[in-house]
Amino acid sequence: ASVLTAIGSKDDSGTQTDSLAELQAIVNTTVASLNVITTFAQSNTASSNTGSATGFTYVGTVPTAADYANVGVTGVDTNNVKAINDALATSAITGAQATTQSQIQAIVNGYQNILSAADGDAATGTPQTLTASDYAAIGASVSALTGDAEGLRLLNDIVGGKSTAAVDTVKEIENLARIAQAIQDT
């Protein structure tokens, strides 16, 4: 499916896909990029503590925004690629959960929703649209709150009050979930 998506994204005139060599290049690029993404997800089992990843090293080749684009995944750019990669690096997301364009797109969509909600203003109402599925899609362990509407709403409010830099790793989101849980437990 990723190869078909890549071919479908080419110019409608057919000039980019009118030879076997051009088609083979698309297939090779797509397969190579998918392999980078899948291998990265399989090889890493820990989120970075902070978005800067200072002193933190992932295993293997780190996917680029171009790798995501090559497999037909939209919404990944230089502003969010580190966050998306951090989601792939969690133990909850393995290579098996990142083998198709649609699986990878679901991870990207979940993180995009979270990053969009983190606008620094909890009062905007945007965070209320986050669902347990958004958190699960990125491999965040927030299960203690997801079955509780009030707990999820509290986590969403906390996320909404943060900047994107404060939620650009899964560990940061899990720490916010622990804070929300502690507030509920009091």
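No hydrogens, no waters, no symmetry mates; every other heavy atom, side chains included, goes into these values.
- For residues 19-45, every residue pair satisfying the ring-ring contact (aromatic ring centres under 6.0 Å, His included) rule, not counting sequence neighbours, is listed here: Phe40-Tyr58.
- Within the 3.5 Å criterion, the main-chain N or O of Ile26 finds no donor-acceptor partner in the side chain of Thr29.
- Applying the side chain to side chain contact (heavy atoms under 4.5 Å, CB included) test between Glu172 and each of Val170, Asn175, Asp168, Leu176 identifies Asp168 as the sole match.
- Of all the heavy atoms in Ala98 and Ile104, the pair that sits closest is O-CD1, 3.8 Å.
- Remark: Gln184 CD to Ile179 CD1 distance equals 13.5 Å, nearest 0.5 Å.
- When all heavy atoms of Gly139 and Thr90 are compared, the closest pair comes out as CA-OG1, 3.9 Å.
- Formation of a donor-acceptor pair under 3.5 Å by the Gln103 side chain with backbone atoms of Ala96 is found in this model.
- Not a single donor-acceptor pair under 3.5 Å links the side chain of Thr164 to the backbone N or O of Ala118.
- At a cut-off of 3.5 Å, with distance as the only test, no side-chain donor of Asn113 or Tyr135 sits close to an acceptor on the other residue.
- Here Ile93 contributes atom CD1 and Asp86 contributes atom CG; the two are 9.5 Å apart, rounded to the nearest 0.5 Å.
- For the residue pair Ala140 and Ile173, the shortest heavy atom distance occurs at CB-CG2, 4.2 Å.
- By the side chain to side chain donor-acceptor pair (under 3.5 Å) test, Thr39 is found to be paired with Asn35, residues two or more places apart in sequence or in another chain being considered.
- Between the Gln112 side chain and the Gly75 main chain, a donor and an acceptor come within less than 3.5 Å of each other.
- Applying the side-chain contact (heavy atoms from CB on, under 4.5 Å) criterion to Gln42, with sequence neighbours excluded, gives Thr94.
- With Ser47 contributing its side chain and Lys171 its backbone, the two residues share a donor-acceptor pair below 3.5 Å.
- Contact detail for Leu88 and Ile37: the closest heavy-atom pair is CD1-CG2, 3.8 Å.
- Taking each heavy atom of Ser33 and Asn70 in turn, the nearest pair found is OG-ND2, 2.9 Å.
- The pair Glu150-Arg153 counts as a salt bridge, with a side-chain nitrogen and a carboxylate oxygen less than 4.0 angstrom apart.
- Looking at residues two or more places apart in sequence or on another chain, you find a side-chain contact (heavy atoms from CB on, under 4.5 Å) between Thr64 and Ala66, Asp67.
- Residues Asn85 and Tyr68 bring a donor and an acceptor atom of their side chains to less than 3.5 Å of each other.
- Shortest non-hydrogen contact noted between Ala106 and Ala137 is O-CB, 3.7 Å.
- Asp77 meets the side-chain contact (heavy atoms from CB on, under 4.5 Å) test with Asn79, Asn80; sequence neighbours excluded.
- Remark: Asn109 CG to Ser133 OG distance equals 12.0 Å, nearest 0.5 Å.
- Residues satisfying the side-chain contact (heavy atoms from CB on, under 4.5 Å) test with Ser91, not counting sequence neighbours, are Thr45.
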